[in-house]
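Heads up, the thing below is written out as structure tokens.
Sequence positions, counted from 1, serve as the residue numbers for this chain.
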Amino acid sequence: MSGAESNPPGAHKLRTGPRPLALHLATVASSLLSSSTALPHLRNGSLPWKPHLRDRAEELRRQIARTDADALAGAVDRAVRRQLDLALTGIERYRHHPYRRDLPDPPVIWTEGASRLLDYGALGSGSGTPVLFVPSLVNRHYILDLSERKSLMRWLAGQGLRPFLIDWGTPGPLERRFTLTDYIAGRLERALAAAVEATGRPVPVVGYCMGGLLAAALAQRRPKEVAGLVLMATPWDFHAEDAGLARRAAAFFQPFGPMIEAWGDLPVDALQALFAQLDPLLALKKFSQFARMDPDSRAALAFVALEDWLNDGVPLVAAVARDTLAGWYGRNDTACGNWLVAGEPVEPPRIKVPTLALIPERDRIVPPLSAAALARTIPRAQMISPPLGHIGMVVSAGAETGVWRPLAEWLTAAG
């Protein structure tokens with residue numbers, strides 16, 4: 001472990017994550033403890049199964065029927081206890097792990113309110129193709145600069161490019177009044193202007209996830225300043241693969257609406273609870289796996305670094321929460337042509353700059369069909385589909401080959 005990536009045990013406070021901790025603990029416990037409760041129903045064949053699992057379930061029921069009921073119940077109980085202990089051990093080890101991210105920021109060339117524009121070109125030659133990166137509003141910017149070993153920004157700077165990265169910051173009193181128009185037609189356009197002024201030329205813009213939607217609107221509005229557009233795992237048709245799930249996400253907003261308006265934002269733990277719906281058993285699986293790792297191994301350090309980023313969320317201001325959850329997820333405003341920025345619809349066919357869409361095949365957060373719907377409506381957009389996941393496309397072992405290098409080559413050509 002390098003000094004920049006670790007600290008002595010006891011040097012830091014106990015982590016509060018995984019967030020929301022109570023939800024994850026309850027889900028782990030209820031999922032495992034329900035196994036013993038479901039056993040009689042599995043034995044008598046009364047459990048409902050999805051059609052493609054019915055034959056396998058029936059074969060399992062026949063095997064169970066040939067076993068001693070008490071012996072099987074005892075074996076299931078022991079297995080549940082072992083798995084519960086493993087998951088809780090993993091959570092506890094994560095909460096006490098000594099790793100803390102400690103990377104120095106590059107120079108800041110522009111600030112406004114809580115937001116900053118970071119110039120990673122200063123870490124390289126600083127004279128190559130400039131590019132502006134736009135992250136999501138609900139996660140910290142440093143997923144693109146996660147650690148010494150996994151930093152897309154520092155890698156691109158080492159390849160001779162000049163990456164700029166927006167750090168949106170934590171919403172303050174000013175940002176709590178923002179709409180998406182304020183973020184795009186206001187703050188993002190001024191950040192773009194700062195990058196153009198610093199380099200003396202139009203710059204390609206890369207948007208990641210929700211940031212891709214902001215970048216697409218920016219490219220439509222400022223074609224003279226945007227030299228090219230890259231969409232990384234960017235959703236567009238929110239009903240493309242699972243309209244029911246999208247509408248459930250929208251319904252999540254409804255009971256909290258009045259409180260969110262009063263608070264001024266949707267809190268981080270509420271957002272984390274919403275994301276947990278995508279895979280309720282994810283915490284059980286990943287912390288059980290972490291419990292088996294050597295705490296000092298590279299794999300364990302990578303796990304903790306990513307988990308810290310996941311739990312270091314940003315509140316979503318009220319108007320943006322309403323427009324994204326009710327508008328994008330609920331009504332599918334983007335794909336239906338009803339998403340307005342400064343009173344003007346965002347229409348992908350009007351984006352005329354060279355465009356690359358990076359659409360990871362294994363993305364569970366942004367389904368590939370949702371992202372492809374945007375790329376297909378932008379004239380002459382190129383699509384690349386690496387065999388990676390939503391976050392894996394920027395930090396996994398395959399990220400450099402599958403995403404970083406094709407991205408660097410495309411940006412160099414576009415710039």
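- Remark: Gln63 CD is packed, more than 12 non-hydrogen atoms of other residues, nucleotides or ligands lying under 6.0 Å away.
- Looking only at distances, a side-chain donor or acceptor of Ser30 sits under 3.5 Å from a matching main-chain atom of Ala26.
- Heavy atoms of other residues, nucleotides or ligands lying less than 6.0 angstrom from OH of Tyr94 number more than 12.
- Residues that satisfy the side-chain contact (heavy atoms from CB on, under 4.5 Å) test with Ala219, not counting sequence neighbours, are Val226, Leu229, Ile351, Val353.
- The shortest side-chain heavy-atom distance between Met232 and Val403 falls under the 4.5 Å cut-off.
- Under the rule for a ring pair (Phe, Tyr, Trp, His ring centres under 6.0 Å), the partners of Trp404 that lie at least two apart in sequence or sit in another chain are Trp155.
- No donor-acceptor pair under 3.5 Å is formed between the side chain of Glu225 and the backbone N or O of Ala193.
- Taking CD1 from Ile143 and OG from Ser136, the interatomic distance works out to 11.5 Å, rounded to the nearest 0.5 Å.
- Once rounded to the nearest 0.5 Å, the distance linking OG1 of Thr355 with CE of Met383 reads 11.5 Å.
- Taking a 6.0 Å sphere around CZ of Arg81, one finds it holds 12 or fewer heavy atoms contributed by other residues, nucleotides or ligands.
- Between Pro130 and Pro204, the shortest heavy-atom distance links the atoms O-CD, 2.9 Å.
- Judged purely by atom type and a 3.5 angstrom limit, Arg154 has no side-chain atom pairing as donor or acceptor with the backbone of Asp145.
- Checked against ring pair (Phe, Tyr, Trp, His ring centres under 6.0 Å), Trp168 has the following partners two or more places apart in sequence or in another chain: Tyr183.
- Rounding to the nearest 0.5 angstrom, the gap separating the CD1 atom in Ile391 from the CZ atom in Arg364 is 9.5 Å.
- Without hydrogens or angle criteria, Thr181 side chain to Val341 main chain gives no donor-acceptor distance under 3.5 Å.
- Of all heavy-atom pairs spanning Arg61 and Leu42, the tightest one is CG-O, 3.2 Å.
- Remark: Arg187 fails to qualify as a cation-pi partner of Phe178 under the 6.0 Å distance and 45° angle criteria applied to the six-membered ring.
- Side-chain N or O atoms of Glu175 include one that pairs as donor or acceptor with a backbone N or O of Gly172 at under 3.5 Å.
- Across every non-hydrogen atom of Pro406 and Gly402, the tightest pair is CG-O, 3.6 Å.
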request  = In sequence, state the C-alpha distance, the side-chain angles, and the governing distance for Arg82 and Leu86, and then conclude on side chain to side chain contact (heavy atoms under 4.5 Å, CB included).
outcome  = CA-CA 6 Å; Arg82 285 195 301 270; Leu86 194 64; over 6 Å; no

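- No side-chain donor-acceptor contact under 3.5 Å links Asp296 and Tyr99.
- Using modelled atom types, one side-chain atom of Thr334 and one backbone atom of Trp236 make a donor-acceptor pair closer than 3.5 Å.
- In this structure the side chain of Tyr120 reaches within 4.5 angstrom of the side chain of Leu165, judged on heavy atoms.
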Donor-acceptor pairs under 3.5 Å, side chain of residues 280-290 to any protein atom, not counting sequence neighbours: which ones?
| residue | atom | partner | partner atom | Å |
| --- | --- | --- | --- | --- |
| Lys285 | NZ | Asp279 | OD2 | 3.1 |
| Lys286 | NZ | Glu307 | OE1 | 2.9 |
| Lys286 | NZ | Glu307 | OE2 | 3.4 |
| Ser288 | OG | Gln83 | NE2 | 2.7 |
| Ser288 | OG | Leu284 | O | 2.6 |

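- Listed for the Gln272 side chain is a donor-acceptor partner under 3.5 Å among the backbone atoms of Leu310.
- Rounding to the nearest 0.5 Å gives a distance of 7.5 Å between CZ of Arg331 and CG of Asp323.
- Between the side chain of Thr401 and the backbone N or O of Gly398, no donor-acceptor pair lies under 3.5 Å.
- In this structure a side-chain-to-backbone donor-acceptor pair under 3.5 Å is missing from Asp119 to Pro107.
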Worked check of side chain to side chain contact (heavy atoms under 4.5 Å, CB included) between Leu316 and Leu325 = CA-CA 11 Å; Leu316 194 60; Leu325 291 175; 5.6 Å; no

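- The minimum heavy-atom distance between Val366 and Ala233, with the atom names listed, is CG2-O, 3.5 Å.
- Applying the 6.0 Å contact sphere to CZ of Arg298 captures no more than 12 heavy atoms from other residues, nucleotides or ligands.
- Pairs of residues two or more places apart, or lying in two chains, that qualify as ring pair (Phe, Tyr, Trp, His ring centres under 6.0 Å) and include a residue from residues 368-402 are Tyr208-His390.
- A heavy-atom distance below 4.5 Å is not found between the side chains of Arg93 and Met293.
- Side-chain contact check for Thr37 versus Ser35: every heavy-atom pair is 4.5 Å or farther apart.
- Closest approach of Ala276 and His24 over heavy atoms only: CB-CE1, 4.3 Å.
- Side-chain contact between Leu369 and Asp237 is absent, with no heavy atoms from C-beta onward closer than 4.5 Å.
- For Arg116, the side-chain hydrogen bond (donor to acceptor under 3.5 Å, both in side chains) partners are Asp105, Asp167, not counting sequence neighbours.
- No hydrogens or angles considered: nothing links the side chains of Ser385 and Arg362 as a donor-acceptor pair under 3.5 Å.
- The structure places CG of Leu271 at 4.0 Å from CG of Leu266, a figure rounded to the nearest 0.5 Å.
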query = Checking salt bridge (Lys or Arg N to Asp or Glu O under 4.0 Å) for the pair Arg15/Asp308: CA distance, chi angles, key distance, verdict?
reply = CA-CA 9 Å; Arg15 289 177 174 85; Asp308 281 354; 2.7 Å; yes

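- By the neighbour-count criterion of 12 heavy atoms within 6.0 Å, atom CG of Asp294 is densely surrounded, having more than that number from other residues, nucleotides or ligands.
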inquiry  = Under the criterion side chain to side chain contact (heavy atoms under 4.5 Å, CB included), I'd like the reasoning laid out for Leu407 against Leu411: C-alpha separation, chi angles, the key distance, then a yes or no.
reply    = CA-CA 6 Å; Leu407 173 61; Leu411 288 171; 3.7 Å; yes

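- In this structure a side-chain-to-backbone donor-acceptor pair under 3.5 Å is missing from Asp363 to Pro368.
- In this structure, Ala250 and Gly330 approach most closely via the heavy-atom pair CB-CA, 3.4 Å.
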ask   = Which is it for Asp102 and Arg100 under the salt bridge (Lys or Arg N to Asp or Glu O under 4.0 Å) test, yes or no, and what are the steps along the way?
value = CA-CA 6 Å; Asp102 189 23; Arg100 293 296 187 278; over 6 Å; no

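- No side-chain heavy atom of Leu274 sits under 4.5 Å from any side-chain heavy atom of Tyr329.
- For the atom pair CG of Leu213 and CG of Leu374, the computed distance is 7.0 Å after rounding to the nearest 0.5 Å.
- Within the 4.5 Å cutoff, side-chain heavy atoms of Val138 are placed close to those of Phe275.
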task = Could you give me the CA-CA distance, side-chain angles and deciding distance for Thr170 and Arg140, then say whether side chain to side chain contact (heavy atoms under 4.5 Å, CB included) is met?
result = CA-CA 9 Å; Thr170 300; Arg140 299 287 183 183; 3.1 Å; yes

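- Looking at Leu132 and Val196, their side chains never come closer than 4.5 Å, going by heavy atoms from C-beta outward.
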